[in-house]
Amino acid sequence: MRRANAVQVFLQNYNNDYGYDLVVADESATVQDYLDALNQAIEEYSFTRGRNKILSCRGCDLCCAERAPLTAIDLYNINDYLKVCDESLQKTLDRIGYIMVNGPAVDITLRRGEDERCIFLGRKNGLCTIYSARPLVCQTFICCPSSTKAARLREIIVNYGEDELVRQWLWQAVELGYPPGFHEGFRPKINLKDWKPNGFSAKRNYREVKIKEISPPNLWKQLYKQG
Ligand code: SF4
Ligand code: SF4
């Protein structure tokens, strides 16, 4: 159920382009509260879409051809939606993800087809075929202006979520005793010890991830406005 007002998203005028700012009004606000508030704002407000100069994403699929980093929770949500169970993380990532390794760095993104567009994009109608389970990065990207703190919060959530996915992928390979399989690599030098548990660890859905726990103190100070 949606917790009203834990995160509040406001329409903002940025030199006659309409974007958004946000505040967190509840110390226990979660990433799901953030997603709910942003999804509601997308329905209610006419943000200026900078890429195609229309007021809605409907009928546009430009960002479905771009890098879309995944979180561990995204994979749970997609597998639940597709009713896939008992599959190793490696198998899931081979099916719907793309793992790129560069030295010690790892990037795990949504798999794209030969036409460079996401495998979940309906090719005939340009609509997302897993809309209600689409990844966090898809739910939170709007090609409109936003405040620095809103952009920073999104960046932190996406980065921590992806880091935890990388940690789980490497951990599972160690536990099951196979080398982690990636799809593209350049001088790979990956090590589980480089990925420490964070606010996403052991969490199965976004309602369990607290914004305060993953925000650096200076960002939290800007975000939190007592109601
Ligand atoms: S956010 Fe993506 S889908 Fe929506 S208008 Fe912008 S480019 Fe198109
Ligand atoms: S999951 Fe859906 S919204 Fe996200 S990139 Fe793929 S088609 Fe687009």
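Order of listing sets the numbers, starting from 1, for every ligand and every atom in it. In this chain, residues are counted from 1 in sequence order.
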* Asked: Taking only protein atoms, how many N, O or S atoms are found under 2.8 Å from atom 2 (Fe) of ligand 2?
  -> 1
* To do: Provide the protein N, O or S atoms situated under 2.8 Å from atom 8 (Fe) of ligand 1; waters are not included.
  => Cys60 SG
* Cut-off 3.5 Å, side chains only: do Gln90 and Asp94 have a donor facing an acceptor? -> yes
* **Candidate pair Gln139 and Asn39, rule side-chain hydrogen bond (donor to acceptor under 3.5 Å, both in side chains), full reasoning** => CA-CA 7 Å; Gln139 292 189 56; Asn39 276 308; 2.9 Å; yes
* Under 6.0 Å from the OH atom of Tyr131, do we count more than 12 heavy atoms belonging to anything else shown? -> no
* Decide whether Gln40 and Asp36 meet the rule of one side-chain donor and one side-chain acceptor closer than 3.5 Å. => no
* Asked: If you measure only the distance, is there a donor-acceptor pair under 3.5 Å linking the side chains of Glu87 and Thr92?
  -> yes
* **Any side-chain donor near an acceptor of the partner, Thr71 and Tyr206, under 3.5 Å** => yes
* Assess the side chains of Ser146 and Asp21: does a donor N or O sit below 3.5 Å from an acceptor N or O? => no
* Asked: Does any donor atom in the side chain of Tyr98 or Glu184 lie under 3.5 Å from an acceptor atom in the other side chain?
  -> yes
* **More than 12 heavy atoms from other groups under 6.0 Å of CH2 on Trp171** => no
